[in-house]
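Some notes on the structure that comes next.
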Amino acid sequence: MDISVIHSIWTILLFVCFGGVVWWAFGKNRKARFEEDANLIFADEQSPKKDQQGETK
């Protein structure tokens, strides 16, 4: 095997992996989950708990 054949196989393998990631990321089954995850930053944060002396932990 020549080095150019190995490079060609490697390029095709990486292209297939990239296509798989794109397919996974934009799949219809995961759209609702990704939209929910995108809105997590806007969720209310819990206030820090205070001990008996009024100090936050």
Practice problem: Determine, stepwise, if the pair Phe34 / Trp24 fulfils ring pair (Phe, Tyr, Trp, His ring centres under 6.0 Å). | Solution: CA-CA 11 Å; Phe34 288 152; Trp24 175 80; 5.6 Å; yes
Quiz item: Do Ile6 and Ile9 share a hydrophobic cluster (ILVMFWY, side-chain heavy atoms under 4.5 Å, transitive)?
Solution: yes
Quiz item: Measuring from Cys17:SG to Ile12:CD1, what's the distance to the nearest 0.5 Å?
Solution: 12.0 Å
